Amino acid sequence: MNAALGLANSAADACADSWVRALRLQPSHAVIVALTVVIALIGATASENFATLHNLANIQAQMVALGILALAQTVVILSGNIDLSFAGALGVLSVLFAALAGDTGLSLTVAVAVTLITGALIGALNGYVTAVWKVHSLIVTLGVSTMCAGAALLVTKTPAGAVPLFFEDLAYYRIGFVPLGMVLAAGLYAAVGGMLWRTRFGLRVYALGDDARAAAISGVNTRTTEVQVFALSGVLCAVAAIYITARFGIGDPRAGVGYDLRSITPVIVGGTLLAGGYGGVLGTALAVGLLATLASMLNFISVSSFYQWIVEGVIILAAVIVFARRGRV
Amino acid sequence: MRAGLFTAPTVSAAQRREQVTLLVFLIVVWGATAALSPRFLSVSNLRDILIQAAPLGFVALGQMLVIIARGLDLSVASMMATVAVLTLGLADNAQMIIVIGLSAGLAFGAVNGYLVAYRHVTPFLATLASMIVLQGIRFAYTKGAPSGSLPEALRHLATGSIGGVPVAIIVLLAVAAAAHYLLEHSRFGMQLKLFGDNPRAAHRCGYHNRRLLLAVYCLSGLLAALGGLTLVGYVGIVDNWTGRGYELDSIAAAVIGGAALSGGKGTVVGVLLATLLLISLFNMVVIIGLAIEFQLVIKGLLIVLAAAVYRRHLR
């Protein structure tokens with residue numbers, strides 16, 4: 001009887017455990033959700049316009065671009081690398097997309113496809129140099145970012161090109177209070193989360209980030225994995241570039257400025273280890289939500305963006321110090 | 001025979017070769033530019049290159065020390081601007097400015113060092129956070145736009161000269177000589193390199209790694225402050241974004257100069273040569289009339305290639 005009960009219990013445990021594992025749940029995620037709720041409550045008491053569907057839609061719209069880039073960064077960080085190429089790559093991809101979608105007469109599908117492929121190539125270049133030349137990914141992506149920024153500014157110093165009007169409308173389209181961009185970002189999170197959870201690629205990413213040498217000895221092709229990880233990051237960067245370009249209605253060579261470092265914050269706050277191998281996309285998604293809610297709340301109580309920077313820095317430190325105390329950073 | 005100040009027995013043969021390669025590369029760049037434009041070798045242009053190299057040189061030396069200690073200091077540019085803004089508001093004579101500025105840099109560096117050494121925060125994240133916090137403090141302090149004028153003495157530090165040699169370069173060489181001594185001839189340097197190579201071994205040897213890290217980040221803050229003061233002195237205007245991009249440029253200079261992000265490697269001579277090379281290349285782009293954006297392309301290419309070449313050396 002007891003044995004049967006124990007078996008049933010462990011089966012239930014295993015079932016619950018598989019959910020926890022699939023979502024990569026961490027205790028800190030509860031803290032993030034709780035903080036988000038508290039911040040939203042403060043916002044709601046401070047202003048009657050905070051807790052409205054309109055503002056909810058605004059907060060979501062703020063989350064999309066950063067969310068997609070943070071998703072890319074999460075995968076790269078999980079593999080034990082870092083991608084600082086968004087600053088330049090986003091600019092070059094934005095200019096490219098606006099140039100193709102503008103008045104070249106190409107169909108929009110071609111423009112999107114070419115932008116995505118270029119993004120993948122930039123990412124693959126990062127991955128190739130990191131994996132084959134054995135240069136630290138921070139240096140590689142920094143160099144590639146600088147080159148991309150130079151290339152984008154060589155093409156145009158001011159925003160240029162155009163996006164078809166209906167595409168711009170699409171970027172602002174809302175289904176009820178959910179912006180279309182949010183649906184896109186959620187879909188990408190689900191897809192990448194699923195890849196990390198269910199595919200061999202996901203397993204290889206975690207193995208590589210946990211211990212590159214052990215992964216190599218166990219037969220993981222670390223070179224291929226790194227190239228794939230960075231190519232995925234490049235594709236996601238291209239998606240973000242297309243979204244941002246569609247929102248602006250024009251290609252901006254400086255569209256990516258600041259996104260390289262900003263994309264790291266949600267990953268770290270979401271509980272992913274900078275050293276790699278531990279964490280997941282759910283934490284990043286929750287952290288993006290927390291940061292966007294916080295920014296909106298601070299705007300509603302008219303705290304200038306100067307203080308918002310201080311808050312952001314303190315959040316990073318708080319997260320990192322809490323994780324470090326548990327010996328995880 | 002006693003080793004002189006500038007003969008460094010602790011610099012390996014491979015590092016010597018790297019330095020010679022950098023020097024050859026520098027001479028090639030200079031020769032090519034001089035051939036393309038006679039203006040390059042004019043006294044005023046060479047002076048400009050040296051003066052522009054000074055602020056980056058200070059910051060890159062600090063960055064190199066941090067990189068030797070397996071770290072990274074992303075907050076240098078933010079420290080430069082914050083120091084510049086603070087000193088502008090708080091002091092009007094040069095001595096005060098330098099004292100306040102350097103102590104502020106030291107204090108900011110100490111915060112980084114405390115976080116890394118005593119709170120076990122990854123250097124990347126600790127300095128990223130302090131970069132963002134300092135940015136907020138700076139903008140809140142200046143309410144968006146700094147006001148005030150630079151005292152003449154600060155201008156003199158950056159643009160004046162003694163006997164034809166720019167003051168900034170004299171200071172840079174003095175600081176570099178001190179850094180060289182510290183790194184190659186002192187117990188601190190030995191401990192630092194040992195830590196960079198193998199922190200656990202350094203711990204087993206009975207060294208105080210925490211104090212070492214604290215000191216390294218303090219030095220980086222101090223040098224960033226010096227770089228910031230020199231830069232505003234040269235530019236003549238204080239801005240909330242003074243030094244923007246120096247975090248990446250200083251990492252570039254350190255890496256091109258032979259420092260490895262895995263720690264334990266880096267020489268003062270290499271970093272100075274790399275700084276001069278970067279600034280000369282930027283100058284070349286301008287002087288032969290290329291679009292200024294080529295500076296970015298060249299810089300990016302150089303960072304990746306240099307790092308790749310040094311990796312080959314190791315294998």
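All of these numbers come straight from a predicted model, not from anything done at the bench.
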Does a side-chain heavy-atom distance below 4.5 Å link A:T146 with B:L248? no
Below 4.5 Å from any heavy atom of chain A, which atoms of B:L261 appear? Answer side chain, backbone, both or neither. side chain
Close side-chain approach of A:M147 and B:L296, heavy atoms under 4.5 Å: no
Minimum-distance pair of heavy atoms, taken over all atoms of A:W309 and B:I132: O-CG2, 3.1 Å
Considering only heavy atoms, which portion of B:Y141 lies under 4.5 Å from any heavy atom of chain A: side chain, backbone, both, or neither? neither
Could you look at A:I139 and say if it's the side chain, the backbone, both or neither that has a heavy atom under 4.5 Å from chain B? both
For B:L305, which atoms come within 4.5 Å of any heavy atom of chain A: side chain, backbone, both, or neither? side chain
Scanning both residues in full, the closest heavy-atom pair of A:G313 with B:A129 reads O-CB, 3.6 Å
Going by heavy atoms in the side chains, are A:W133 and B:V304 under 4.5 Å from each other? yes
Choice from B:V297, B:L72, B:L115, B:I292 maximising heavy atom contacts with chain A below 4.5 Å: B:V297
Mind telling me whether B:F139 and A:F306 have parallel, tilted or perpendicular rings, with 30° and 60° as the class edges? tilted
Tell me, side chain or backbone of B:L301 under 4.5 Å from chain A's heavy atoms, or both, or neither? both
Sort A:A151 into side chain, backbone, both or neither according to what part of it lies under 4.5 angstrom from a heavy atom of chain B. backbone
Beyond-backbone contact of B:E293 with A:K157, side-chain heavy atoms, under 4.5 angstrom: yes
Heavy-atom pair count under 4.5 Å with chain A, highest-scoring of B:I303, B:L134, B:V133: B:V133
Min side-chain heavy-atom separation A:L261-B:M131 under 4.5 Å: yes
Measuring from A:L84:CG to B:F124:CZ, what's the distance to the nearest 0.5 Å? 5.0 Å
Does the side chain of B:L125 come within less than 4.5 Å of A:I264's, by heavy atoms? yes
Part of A:I315 lying under 4.5 Å from any heavy atom of chain B: neither
Interface moiety of A:V303 toward chain B, non-hydrogen atoms closer than 4.5 Å: neither
